[in-house]
Amino acid sequence: MGGGMGSVPGTAYGGATDPSSLQLGEGFRIIPSVTVGERYDSNVFFAPKTPGLKRDDVVTTVAPQVRGLYAGDLYTVNATIGAIGEYYAQNSGLNYVGTNAGIFLDMSRLASRLREGTRLTVSDTYMYTPQPPAFLTGNLEGTGAHPFFTGIQAARVNMQSNTYNANISTPLNRVVNLTGSYASGFIKFGESKTAQRGTLLNMTYQTYTAGLSAATSAQDTLSLNFISSEFDSGFQGSFTTRGGVAGWSHIFSPTVTLTSNAGVSLIDGTVAGGQSTTAATSAVAPKGNLALLWKDMTTAVTFTYSVGITPTFIGESQTVLSHVVSFVLTQQMGSPQLLGTAGLNYGHGSQFGSSSTPGSAFSFTTYGGVGGVTYKFTPKTFLSLTYGYSNFDQGFGVQGYRFDRHVAQMSITQAFY
């Protein structure tokens, strides 16, 4: 039900609903798979009720994928490339073929040859879809919100998105590690299948972090990080955020872990055609996140909350203070073959500072959930039944628009190995 996103490393529910997500001890393996699904969708246009617009439809989905796994002495690789084709029973003009690809590379063993204990990971994900997602539902990895997927929902439109991440940690002594990361990405829009409520803005971003972490006990890790982010939407303007966060991670038990960060960001830049939208040249905003993970042999639960400055990509370019809450559950139900899944998301944001155009301040409130069951006929064959609901309320000043979406889907996934 992922809005045309397909399946990439770090997949929904930790890969528990994807039979190609194997743990490879050593060697190389190619795993083809295909998902075939049928769904009822109450709002294929992601748009409010409009005269003459037939929003509901029955959609047939075919999504082939190839996963490549490699586990060696120096590094491991988890990569996918896939396509998703959809056929619409009533709105045949919406038929499309989208693409997605991703790679996760762990080079910690190689980096440890230079300095013992160093961890180094690199990942990249790409998608092309006419169904831009508001959230990344079901992802068990990561504790912060993606800057483009915080709950803002464009109407149906061709979209490309790419995200690159690199993370490194190297020990300075037995207790203290030097840490750093780099992330970059873009979002680009093409042909729109329906009228948009506001101009869509192409955007790029970069984020750098550097800091220290200290294992103060077997259960506790403290950290301090400097973070700098740059967002650029071309002639619409750009802005930067710079600040710091203090973090604390605690292992309560072998099954329960807490990770938290809190700090501030200093905002500077020009947006909305060169006019500053912040209340002052050096506005300060809160920044932080919290993630609570429970995981045992039969249950995995993740609760996350994040707050920070994110960009808009609808209407006029603005800085938005966004709050995002996510809950993800996978539960073995009676037997190893039957798995229950559930996900809840809530996002709220409003323009941070004053707008260059009176009455154009952007705000949004989005909430939704998805639940279902997956039956594993064999380790290679999964049948899934899911239902999801989402509600969107977005506005520019007094001009607002609201819509919701119901999706019921049945799909079967077959891996070949």
Side-chain angles (χ1 to χ4, degrees), residues 2 4-37 61-85 98-113 117-129 136-142 146 161-169 181 183 185 293 295 297-298 300 302 328 330 332 336-337 339 341 374-384 411-417:
M5 289 193 60
S7 192
V8 294
T11 47
Y13 306 103
T17 58
D18 182 353
S20 75
S21 295
L22 303 180
Q23 294 294 325
L24 190 63
E26 61 179 359
F28 176 71
R29 174 169 281 186
I30 294 290
I31 306 173
S33 63
V34 62
T35 299
V36 178
T61 301
V62 180
Q65 175 185 273
V66 176
R67 183 182 296 273
L69 299 171
Y70 174 76
D73 294 335
L74 299 181
Y75 59 90
T76 62
V77 181
N78 183 352
T80 65
I81 184 167
I84 178 166
T99 58
N100 58 77
I103 184 169
F104 179 84
L105 178 61
D106 189 336
M107 297 183 290
S108 299
R109 294 175 184 173
L110 178 61
S112 287
R113 288 194 167 188
T118 298
R119 293 183 54 82
L120 174 62
T121 61
V122 176
S123 65
D124 191 89
T125 59
Y126 169 83
M127 78 174 92
Y128 165 77
T129 175
L136 295 177
T137 303
N139 196 337
L140 284 171
E141 300 177 10
H146 188 290
S161 176
N162 191 84
T163 304
Y164 168 83
N165 284 279
N167 294 272
I168 188 169
S169 172
S181 69
L293 172 66
K295 190 172 185 180
M297 296 296 293
T298 61
T302 303
V328 176
T330 60
Q332 185 176 302
Q337 289 76 35
L339 186 74
T341 57
T374 296
Y375 185 77
K376 303 177 181 181
F377 289 99
T378 73
K380 305 176 185 179
T381 309
F382 292 6
L383 174 68
S384 296
S411 64
I412 187 165
T413 304
Q414 177 69 54
F416 304 92
Y417 58 89

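For reference, positions follow the sequence shown, starting with 1.
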Nearest heavy-atom pair of M297 and Q332: which atoms, and what distance?
-> O-OE1, 4.3 Å
Scanning both residues in full, the closest heavy-atom pair of G25 with A71 reads O-CB, 3.6 Å
Let me see the working for N165 and T163 under side chain to side chain contact (heavy atoms under 4.5 Å, CB included), right down to the final yes or no.
-> CA-CA 7 Å; N165 284 279; T163 304; 3.4 Å; yes
For residues S21 and R67, is any side-chain donor paired with an opposing acceptor at under 3.5 Å?
-> yes
With S384 via side chain to side chain contact (heavy atoms under 4.5 Å, CB included) - residues at least two apart = T374, S411
Can you list the residues that meet the side chain to side chain contact (heavy atoms under 4.5 Å, CB included) rule with L22, with sequence neighbours excluded?
-> R29, I31, L69, Y417
Can you measure from [atom1] ([X]) to [atom2] ([Y]) and round to the nearest 0.5 angstrom?
| X | Y | atom1 | atom2 | value |
| --- | --- | --- | --- | --- |
| T121 | D106 | OG1 | CG | 6.5 Å |
| L120 | R109 | CG | CZ | 13.5 Å |
| R119 | S112 | CZ | OG | 8.5 Å |
| K376 | T381 | NZ | OG1 | 12.0 Å |
| S161 | M127 | OG | CE | 5.0 Å |
| T76 | E26 | OG1 | CD | 13.0 Å |

Under 6.0 Å between the ring centres of Y128 and Y126?
-> no
Which is it for V34 and F416 under the side chain to side chain contact (heavy atoms under 4.5 Å, CB included) test, yes or no, and what are the steps along the way?
-> CA-CA 9 Å; V34 62; F416 304 92; 4.1 Å; yes
Any chance you could lay out the side chain to side chain contact (heavy atoms under 4.5 Å, CB included) test for T35 and T61, step after step, and finish with the verdict?
-> CA-CA 8 Å; T35 299; T61 301; over 6 Å; no
Crowded around Y375 OH? As in, over 12 foreign heavy atoms under 6.0 Å?
-> yes
Evaluate the side-chain proximity of F104 to T125: yes if any heavy-atom separation is below 4.5 Å, no if none is.
-> no
Flag, side chain of S33 to backbone of Q414, donor-acceptor distance under 3.5 Å | no
